[in-house]
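Note sheet for the following structure.
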Amino acid sequence: MLTSDKFHDECGVVAIFAHPEAEKLAYLGLHALQHRGQESAGIVTSDGLTSRVHKAMGLVAEIFTEDVLSKIRGTLAIGHTRYSTAGDSALLNAQPILVQSNKGSIGVAHNGNLTNAAEVRSRLERQGSIFQTNSDTEVIVHLIALSREHTLPEAIADALRRVEGAFSLVLMSPDRIIAARDPRGFRPLAMGRIPALEGQKRDTIVFASETCAFDLIGATYERDVKPGELIVVGPEDVTSRFYSTDAPQSSCIFEHVYFSRPDSMVFGRAVQTSREELGRQLAREAPVEADLVVPVPDSGVTAAVGYAAESGIPFRFGLIRNHYVGRTFIEPSQSVRDFGVKLKLNPVRSLLQGKRVVLIDDSIVRGTTSRKIVRMVREAGAKEVHVRISCPPTISPCYYGVDTPTKEELIASSNTPEEICRYLGADSLGYVSLPALRQAVGDPDGAFCTSCYTGIYPTDLVQLEVREGNGNGTLGIGMRDTSPGTLEDSPRTERPVTVEREV
Ligand code: SF4
C-alpha cells in the first residue's frame with residue numbers, strides 16, 4: 001500500500017460501555033483502527049457523571065501515554081481516529097466532539113461525510129447557531145441540541161433524519177452509549193461483547209468500525225449496526241430502533257477492495273475472503289502467461305494469493321516494503337529518480353531477474369505511483385511486467401467519507417485501459433469487471449455502493465453536484481438554498497418504526 005496515490009481511508013470509531021478501564025480499551029481499539037486515519041485521534045470518557053476528553057494531532061500511540069490515559073479514566077468511552085474528508089486537517093476538527101447542551105453532555109465520533117452539511121449549516125447559522133469547527137459532524141451536534149424531542153435518543157433520531165450522506169456514529173452521554181448508521185449503511189459499524197469481569201453485573205458492549213478492534217480487546221463480534229438503526233446501551237438495557245427504513249442499502253464496496261484490514265469482518269463478511277476471491281476472479285478474467293505473481297505490498301497481497309492459487313503461477317514477495325518510513329525524509333540534493341517510491345518499496349532483484357511478472361495491486365488512482373513501480377520492477381531485471389488490478393477502473397470521486405482526487409485527476413476517467421497500460425509502461429493491464437467484483441464480495445442483490453466505478457451515485461444531492469461539475473466531495477455539496485429558514489425547514493424522513501429491547 002503506497003498511500004500517496006490511493007483513495008484515502010476515512011476515519012475509525014470505537015465505543016466501550018461499562019468497563020473499569022474503558023479508556024484503555026478505547027485506546028487499544030483505536031490502535032487497531034489506525035489504518036483508517038493517521039492525522040489525529042481522541043477519546044472521550046465518562047465515569048457515569050462527568051465526561052472528559054483528550055485529543056491531539058498524530059498517531060494513537062504517540063498521543064495516549066499512560067499519564068494521559070490516567071487523567072481520562074472512565075467506565076464509558078468513545079474514540080476516533082481521523083483522516084480529514086470534510087473540514088481542515090487541524091486539532092480544531094479532531095474528534096470526538098464533546099459539548100454541553102440542553103440535552104446534557106454529548107460526545108460524538110463520526111465516520112463518513114454528510115452530503116447536505118453545507119446546506120444545513122448555512123440554515124442553522126442564519127438562525128443564530130455558532131459553529132466552533134468546520135467539520136460536518138458539528139452539524140449533527142447542533143441538530144441534536146435544537147431538536148424538540150425530549151429524550152436524547154429521540155433527539156438524535158430527529159437530527160439524523162435531517163442529514164444525508166454517510167455516517168457511522170458513536171455518541172456518548174454521561175451514562176449511555178448510542179450507535180447509529182445512516183439509512184444506506186455506507187460505512188461499517190460492528191457491535192461486540194466482552195463477558196462480564198468478576199464482580200461486574202453486565203457484559204461490556206463495544207462498537208467499532210472494524211472487528212479487528214474487537215480482537216485486540218478480547219471482544220466477540222455479535223452483529224453489525226444495521227443501516228438506519230440506532231442502538232442505545234444504557235444502565236438498564238440495550239434497545240434498538242430504526243429511525244429510517246426506506247433507503248436501499250449502499251455499503252461501500254471499496255471497504256472490501258482496499259480500506260479495511262483483511263483480518264476484519266466488514267458488512268458481515270470476512271475481508272480476507274473477498275480479497276482472495278477478487279484475485280481468483282482477476283486470474284479468470286485477465287489471465288496471462290508468466291513466471292511469478294508479485295503483490296504491491298501490503299494491500300495487493302491477499303488478491304495476489306488468490307491470483308496465484310487460481311492461475312497456478314508461483315507467488316513471490318518480489319517487492320519489499322519498508323514499514324518504518326516516517327512523515328518527512330531528507331532527499332539528497334542530487335535528487336534520486338522515484339525517490340518517494342524507493343523509500344517505501346525495494347525490488348528483490350534475485351527473484352525478478354529475467355522473469356515474466358504479474359504485478360497485483362488493489363487500484364490505480366492517478367497512475368503516477370503505479371508507473372514508478374512498473375519502472376522499478378523492469379529496472380530490477382524483469383523481462384515482462386503485466387499489471388493486474390483487483391477492482392474495476394476507478395472513474396469517479398467519492399462523496400461518502402473517502403478522500404479522493406477530482407474526476408479529472410483519476411486516470412481511468414479519461415483514458416482507456418490501453419492508454420493507461422502505455423502510460424504505466426506495462427506489457428499488459430487487466431482489471432476485475434464490476435459483476436465479478438460484486439460476486440467476489442458476495443453482493444448478488446446490488447446492496448453495495450459502486451459509484452467510484454460507475455459514476456452513478458445513490459443520493460440526489462451528489463447527482464446534482466456531479467451535473468453541476470464541482471467534484472471535490474466536500475462541504476460545498478448541495479449549497480444552493482439561500483433563503484432564511486428554520487430548523488423545521490430541514491427535511492426529515494419518516495418517523496421511527498419500532499423500539500425493541502435487545503438484551
Ligand atoms: Fe465507497 Fe466508492 Fe461508494 Fe465512495 S463512491 S462509498 S469509495 S464505493
Side-chain angles (χ1 to χ4, degrees), residues 1 3 5-12 35-37 83-86 110-117 136 163-169 181-189 209-210 224 227 247-261 264 266-267 269 271 274-275 278 299 362-366 389-407 409-413 431-443 445-466 470-474 477:
M1 175 176 69
T3 54
D5 191 24
K6 293 287 182 192
F7 277 19
H8 279 281
D9 299 354
E10 331 81 62
C11 299
H35 61 290
R36 297 184 73 88
Y83 181 91
S84 61
T85 52
H110 172 203
N111 172 202
N113 200 14
L114 305 183
T115 51
N116 67 339
D136 58 347
V163 291
E164 291 168 17
F167 48 91
S168 281
L169 293 165
R181 273 176 85 200
D182 67 73
R184 290 178 179 271
F186 280 106
R187 309 254 71 88
L189 188 59
S209 297
E210 292 181 38
D224 282 358
Q249 195 173 335
S250 307
S251 297
C252 172
I253 210 162
F254 221 84
E255 292 279 354
H256 276 267
V257 172
Y258 167 65
F259 293 138
S260 297
R261 275 177 37 168
S264 285
V266 167
F267 308 131
R269 181 179 171 87
V271 176
S274 296
R275 286 210 187 134
L278 279 169
S299 56
D362 58 87
S363 54
I364 298 177
V365 177
R366 294 179 184 85
I389 303 298
S390 60
C391 71
T394 310
I395 60 164
S396 231
C398 178
Y399 296 85
Y400 307 116
V402 177
D403 184 53
T404 55
T406 60
K407 189 170 178 67
E409 290 174 291
L410 293 169
I411 190 168
S413 73
Y431 292 89
V432 166
S433 68
L434 189 56
L437 169 59
R438 284 196 185 283
Q439 202 179 324
V441 302
D443 180 35
D445 307 329
F448 278 78
C449 173
T450 55
S451 303
C452 46
Y453 307 121
T454 61
I456 300 163
Y457 294 87
T459 55
D460 290 343
L461 282 173
V462 173
Q463 299 291 14
L464 178 92
E465 191 65 20
V466 169
N470 174 0
N472 63 11
T474 64
I477 294 170

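A quick note: this is a predicted structure, and the numbers were derived from the prediction, not measured. All ligand and atom numbering here is 1-based and tracks the order in the structure.
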Query raised in the report: Does the S433 side chain pair with the main chain of A436, one donor and one acceptor, at a distance under 3.5 Å?
Result: yes

Query - Any residue meeting ring-ring contact (aromatic ring centres under 6.0 Å, His included) with F267, in chain and number order, not counting sequence neighbours - result: F448

Query raised in the report: Residues in side chain to side chain donor-acceptor pair (under 3.5 Å) with R184, at least two apart?
Result: S250

Requested in this report: Taking side-chain contact (heavy atoms from CB on, under 4.5 Å) as the test, write out the residues that go with A447, two or more places apart.
Outcome: Q249, D443

Query raised in the report: Can you tell me how far NE2 of H35 sits from OG of S260, rounded to the nearest 0.5 angstrom?
Result: 5.5 Å

Query raised in the report: Quick one: how many protein N/O/S atoms are under 2.8 Å away from atom 4 (Fe) of ligand 1?
Result: 1

Query raised in the report: Short question: side chain of D136, backbone of A117 - any donor-acceptor pair under 3.5 Å?
Result: no

